[in-house]
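Below is one structure, written out as structure tokens; comments come after it.
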Amino acid sequence: MSVTPRWSRKKPHIPLLAVLLLVFIACSILYNEFSIQQIHESPDHAPHSQETSFTYVKPNLPKGASEVLDRFSSCNTTRNYSGKKIQWVDPDAKSGRRSRVNQESCDVFSGKWVFDNTSYPLYKESDCPYMSDQLACHKHGRSDLQYQYWRWQPRNCNLKRWNATEMWEKLRGKRLMFVGDSLNRGQWISMVCLLQSVIPANKRSISPNAELTIFRAEEYNATVEFLWAPLLVESNSDDPVNHRLAERIIRPDSVLKHSSQWEHADILIFNSYLWWRQGPVKLLWSAEENGACEELNGVGGMELAMGAWADWVASNVIPLKKRVFFVTMSPTHFWSQEWESGSDGNCYNQMTPITLEGYWGSGSDLPTMRMVDKVLSRLGSKVSVINITQLSEYRKDGHPSIYRKFWETLSPQQLANPASYSDCIHWCLPGVPDVWNELIFHFL
Ligand SMILES: *[C@@H]1O[C@H](CO)[C@@H](O)[C@H](O)[C@H]1NC(C)=O
Ligand SMILES: *[C@@H]1O[C@H](CO)[C@@H](O)[C@H](O)[C@H]1NC(C)=O
Ligand SMILES: *[C@@H]1O[C@H](CO)[C@@H](O)[C@H](O)[C@H]1NC(C)=O
Ligand SMILES: *[C@@H]1O[C@H](CO)[C@@H](O)[C@H](O)[C@H]1NC(C)=O
Ligand SMILES: *[C@@H]1O[C@H](CO)[C@@H](O)[C@H](O)[C@H]1NC(C)=O
Ligand SMILES: *[C@@H]1O[C@H](CO)[C@@H](O)[C@H](O)[C@H]1NC(C)=O
């Protein structure tokens, strides 16, 4: 089915200069985001291949003495990963049950992008007062606007047409909460922009940007919220603004700090991925009182975190009362040679989607996807998968590249070579995340 190799262990050949430029990118774009250079480090190997015996740890135990992690936390000592794993069971598990999304006869995640400038964009960038300067590409100088005009067309059926009033009716009296990293925040902003136009200006409000940001619509008694929790579990990166840290420390066995904020939401939309792609993470188990950390590769750390998260979902979600979605990894487009051999650019100046069916870039890690698939499958109908990876892979044209606000001053060298500081991680709005939200709407 796929024409390109879906996974290659060979890294693209990168000249040293390019690597150095990427280090600059990391400093400029990533003010509050990820290190691009590290995201493209070699993929993680099977997480626990060396260990022979495992100890299982029960997650999400109310904490005793252990301190809350913040950006000043540090490890007293660091040793190799001990092989401890997360033990979680679904009290309601029945074998062979699949989630509602997966039961659909039509796979809405497989299809193609169709140019449609009559129905799209679903809103105008300048009409959304909640737009982020990180995502407002037109405002920041992008003049080719075709990226706004693409509709996702599933192969064997149609997506439900977006209708803001209908969505509000579904949300009446409810809390919808996005939980995750800046990609998820982009999807939240997209949702707010999609929804806000039908609410009079004096009947809507937004709370100041904090760990939890809340958009309210009075007449529907409904909220659309975003909770910053890039690693799902508690970590030293939980400050929504100051989280650019050299050392990533997590409590692999606890989501309690964040779940206390998300537990009363009616509809939850989670994501997590890119923060696990920046090299090894330090584990500080909740039972550990002396700052003794263990070190583990990113995908291994993510597997532990997904276990702690799954434990919460398994024991707290009643599918008829609470909907939980998990959004799969968002692709990056840093190496144009992956879709056009011989070229040496990135997403900068890309104006059309990739048309090669099944195209898959090296930024979307297959071992991570398999691990996520395994965890979500075990949760059965308690979670619905929003599998955005393949459809977003095609959209090399959808990233801000240079057309966004950068927080640090760009040097003349950078300005002379725009590709060197392009953001090929996030997505312009209106754009690709609007479709992710149409998928949510489709399944609600
Ligand atoms: C950690 O494991 C690696 C590979 O198994 C080994 O080479 C290294 O010596 C270990 N380090 C410590 C501190 O045990
Ligand atoms: C849509 O695109 C077509 C072809 O590019 C163009 O002729 C037409 O004017 C566009 N319509 C709108 C409403 O932008
Ligand atoms: C949108 O949904 C509302 C409420 O369900 C309905 O009254 C309206 O006709 C819909 N609009 C369109 C264009 O389908
Ligand atoms: C508004 O919604 C909340 C739940 O989000 C509910 O507890 C409350 O009773 C609702 N208020 C009204 C007036 O319906
Ligand atoms: C590090 O060790 C010292 C002395 O044993 C202890 O007082 C301190 O609390 C430890 N740090 C952490 C983060 O646990
Ligand atoms: C998402 O879709 C891809 C194919 O596009 C598939 O390989 C992967 O297993 C799916 N992931 C999940 C979690 O369903």
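Just the heavy atoms: all of them, side chains too, but no hydrogens, waters or symmetry mates, feed the values below. Both ligands and their constituent atoms are indexed starting at 1 by order of listing. On a predicted model such as this, the values are computed, not experimentally measured, just so you know.
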Looking only at distances, can you tell me whether any N or O atom of Asn387, backbone or side chain, sits closer than 3.5 Å to an N or O atom of ligand 6?
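It does: an N or O of Asn387 is found under 3.5 Å from an N or O of ligand 6.
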We want to know whether Trp427 and Ser392 form a side-chain donor-acceptor pair, criterion being a heavy-atom distance below 3.5 angstrom.
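Distance-only check fails for Trp427 and Ser392.
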Between Arg248 and Ser235, do the side chains contain a donor N or O and an acceptor N or O under 3.5 Å apart?
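Ser235 vs Arg248: no donor-acceptor pair found between side chains.
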Under 3.5 Å between some N or O of ligand 4 and some N or O of Arg175?
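Min N/O separation from ligand 4 is not below 3.5 Å for Arg175.
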Per side-chain contact (heavy atoms from CB on, under 4.5 Å), His426 is matched among Pro400, Cys137, Pro433 by Pro400
Could you tell me whether Met369 approaches ligand 6 through its side chain, its backbone, both or neither, with non-hydrogen atoms closer than 4.0 Å?
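Within the 4.0 Å criterion, Met369 contacts ligand 6 through side-chain atoms alone.
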Can you confirm whether more than 12 heavy atoms, excluding those of Lys160, are under 6.0 Å from its NZ atom?
yes
Using 30° and 60° as the class limits, which term best fits the ring planes of Phe115 and Tyr149: parallel, tilted or perpendicular?
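Perpendicular, since the angle between the ring planes exceeds 60°.
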Please set out all donor-acceptor pairs under 3.5 angstrom arising from side-chain atoms of residues 307-319, sequence neighbours excluded.
unit_1 : atom_1 : unit_2 : atom_2 : d
Asp311 : OD2    : Asn60  : ND2    : 2.9
Ser315 : OG     : Asp311 : O      : 2.6
Asn316 : ND2    : Trp312 : O      : 2.8

In chain-and-number order, ligand 2 lies under 4.0 Å from a heavy atom of each of Phe115, Asn117
Using 0.5 Å steps for rounding, measure from the OH atom of Tyr403 to the OH atom of Tyr348.
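Spacing of OH (Tyr403) from OH (Tyr348) equals 4.5 Å.
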